[in-house]
Amino acid sequence: MKTVTIIIALIILLFLIYLCQPKSRKMFILNLLTQVKYLIPRYFT
Amino acid sequence: MNDYDVIIIGAGCGGLSSGALLSNQGRKVLVIEQSEQVGGCCSTFEKQGYKIDIGASIIEFPQVIDLCFKRMGTSFYDEVDLIPVDPTFSAILHDGSKITYPISLEETRKQIEKISPKDAKGWEEYSKKIQGFLDAALEGFFVSPAGNLTDVIKLFAKTPALLKYNRLFFSSYEGIMRKYFKNEKILESFSFHSFYAGLPPALLPGHFAMLPYAEHAGIYYSKGGMIGIPRGLQKCGERSNMEVRLNTLVKKILIKNKRVKGVMLDDGTEITTNLVISNINAKKMYFEMVGEEHLPWLAKLGLRSYAYSIASPMLYLCLDYEPPLTEHHTLMTRPMDKTNDYWNSHYLKGSFPKEQFGILSWTTKSDPSLAPEGHHIIAVTLAPGAYHLTGTTWDKEKPVLKEKIIHYLADTHLPGLKDHVVLSELSTPVDFEKRLRSPEGAIYALRQDLPHSMMFRPSAKSRHIKGLYLVGASTHPGGGVPTVIASGMIVADLIEKYEQ
Ligand SMILES: Cc1cc2nc3c(=O)[nH]c(=O)nc-3n(C[C@H](O)[C@H](O)[C@H](O)COP(=O)(O)OP(=O)(O)OC[C@H]3O[C@@H](n4cnc5c(N)ncnc54)[C@H](O)[C@@H]3O)c2cc1C
């Protein structure tokens, strides 16, 4: 339970940090995040 | 007995550099090119006495290209007639003001100082930082394979100095430039450079912040047109019996038991070999020439996930007057945030405005012999244009768009233009796709952000088909004439190592 709370708190914190970033940095981060799911398949190309 | 030791599909700079190096190693090499000339994106066509460059209009990083020629016992400067370009470029900013950057670092610092004394200090710090990075990168990053985690670890182990620059890889181009420059005019003058690697400033990885600096180590134009560079590579290869076959389309890569056996041409002819190097778009090559049946599901997923790089519509203008420009390269720029906005509100939405930014490449400024006496050529690299336009097509838009852009340029940067156009041609992403068979007209094959880089870009040594190698913009280190030539060196090394 404690671990879950810590993870949720961390996610919220990261989200808040993200919200405080300038527009262009948000664009950069979002672009990376939306492609994370492809990294393993791309590694095998 | 095979017909050839190595067959290369495509005579782009990547294909020709690997072919020249391998024939110098004593292998029997055949390069097959579907178009009527070598060079691919770095080529020149002739029309009514004008020599017009298809795409590339200058080269940076001559040291990298020279490295390739040196391996063949010669030099870039001996094989290609190069014309130095100085100043590096002028930027015409959105407010109409102009900044010119000479090749000298010190003169550039002075130019910056006139606009913003604080940024002159920034220029010094930026130069120091990037020079350090380049020293490390030229030894390792550009010329080492990065096909898997082991390669990447080896690359950093070989040049540990690169680790000092890790922040460059995890910031954006814009982030790095903003760290050193505060004045919006200075920042704007460097904003279009991010499209030299195919992305807006906010999305391009920070190590590409080397681009504006690298120009100061020398940028060159090739006399007679950019085709001089691939021809130089071809000449070196042919000295050791490399063959180049033009106007010949490869349809299939022949594979048996997961091993390359040869290629099949469009007319059904089969040519046998145990080694094929693909210089074409990797996604297209794997799906159309190799075939899904030879690929594991994870690789298919990875290949499908790749986004093609930007397409770049080009407007070729042949003129009977001297255009009111001063430099080989004039950049028509927008502020950084507006350049990012263009990406979101035009490129991604499939619209293409007549208000343009991009590069005016006045090639006859460097080499007047490209046009009849007194005439000039400008190749305009327009803002990135999406392959799929919303609600219309490039073929439908082309005639109207061409006129609109000529009017726009005449009203802004090229007064008098309308009365002096002898010949004009708009090359859309669709035309580019037809000419070079580059899917969606992509100019750097695949996108060049972090998730499409190094071990996440298709591997130079195929993981699934024995004897299949990749060269050119689709593989590490990515698009650009020097970088695809570097990939030619990487692939020649890999073949030397694994295919005795
Ligand atoms: C508009 C534009 C401007 C650019 N400006 C610059 C610049 O100023 N400086 C710079 O350094 N770089 C520039 N670049 C990038 C650079 O030109 C390219 O990244 C580089 O030339 C790509 O080389 P490549 O070897 O990967 O292959 P390509 O040049 O793409 O060549 C591939 C070749 O394969 C051939 N081919 C395709 N399919 C087949 C087939 N089935 N059978 C046989 N042959 C086939 C094609 O005809 C082509 O000749 C520019 C690119 C473009 C398009």
Side-chain angles (χ1 to χ4, degrees), chain A, chain B residues 146-149 152 170-178 187 191 194 199-206 282-283 285-286 295-307 336-337 339-341 343-344 348 446-447 449-460 462-464 470 474-475:
Chain A
M1 190 61 198
K2 207 172 148 194
T3 325
V4 176
T5 318
I6 292 173
I7 292 172
I8 292 174
L10 259 175
I11 293 173
I12 293 173
L13 184 71
L14 287 175
F15 184 65
L16 289 176
I17 293 175
Y18 169 79
L19 287 182
C20 299
Q21 298 299 313
K23 199 171 147 196
S24 76
R25 190 142 184 87
K26 276 190 196 140
M27 223 171 129
F28 185 72
I29 296 170
L30 206 64
N31 178 52
L32 293 186
L33 290 180
T34 51
Q35 293 186 72
V36 166
K37 58 181 182 285
Y38 301 131
L39 294 182
I40 292 177
R42 280 183 193 165
Y43 184 80
F44 290 95
T45 60
Chain B
N148 55 43
L149 190 58
V152 174
F170 297 103
S171 308
S172 64
Y173 175 87
E174 176 166 352
I176 298 296
M177 298 312 274
R178 283 197 186 278
L187 282 164
S191 63
S194 74
L199 283 165
L203 293 186
L204 191 70
K283 192 167 169 175
M285 181 273 291
Y286 272 119
L295 299 170
W297 67 273
L298 207 53
K300 279 189 265 188
L301 204 66
L303 286 165
R304 270 196 205 102
S305 78
Y306 285 125
M336 284 231 177
D337 54 342
T339 311
N340 293 326
D341 285 349
W343 182 262
N344 292 324
L348 295 180
L446 307 172
R447 232 180 233 186
D449 53 9
L450 279 183
H452 286 80
S453 294
M454 299 183 87
M455 60 191 176
F456 303 119
R457 213 168 175 79
S459 170
S462 173
R463 284 169 171 275
H464 311 291
L470 275 67
S474 284
T475 187

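Just so it is clear, the structure is predicted and the values come from calculations on it, not from any experiment. In what follows, every chain begins at residue 1, and chains take the letters A, B, ... in the order their sequences are listed.
Shown here are the ring-ring contact (aromatic ring centres under 6.0 Å, His included) partners of B/Y306, two or more places apart in sequence or in another chain: B/H452.
Contact annotation for B/N148: both backbone and side-chain heavy atoms come within less than 4.5 Å of a heavy atom of chain A. Within the 4.5 angstrom heavy-atom criterion, atoms from both the backbone and the side chain of B/N340 approach chain A. There is no contact between B/R178 and chain A, counting heavy-atom distances below 4.5 Å. With a 4.5 Å cut-off on non-hydrogen atoms, B/L149 touches chain A through its backbone and its side chain both. Heavy atoms closer than 4.5 Å to chain A are found in the side chain of B/W343, but not in its backbone.
At least one side-chain heavy atom of B/P200 sits less than 4.5 Å from a side-chain heavy atom of A/M27.
At most 12 non-hydrogen atoms from other residues, nucleotides or ligands lie less than 6.0 angstrom from NZ of A/K23.
Rounding to the nearest 0.5 Å gives a distance of 7.0 Å between CG of B/D449 and CG of A/L32.
Chain B is approached within less than 4.5 Å, heavy atom to heavy atom, by A/Q35, A/Y38, A/L39, A/I40, A/P41, A/R42, A/Y43, A/F44, A/T45 from residues 33-45 of chain A, ordered by number.
Considering every non-hydrogen atom in both B/F170 and A/F28, the closest pair reads O-CE2, 3.4 Å.
Your options are B/G147, B/P296, B/S171, B/P201, and the one with the most heavy-atom pairs under 4.5 Å with chain A is B/S171.
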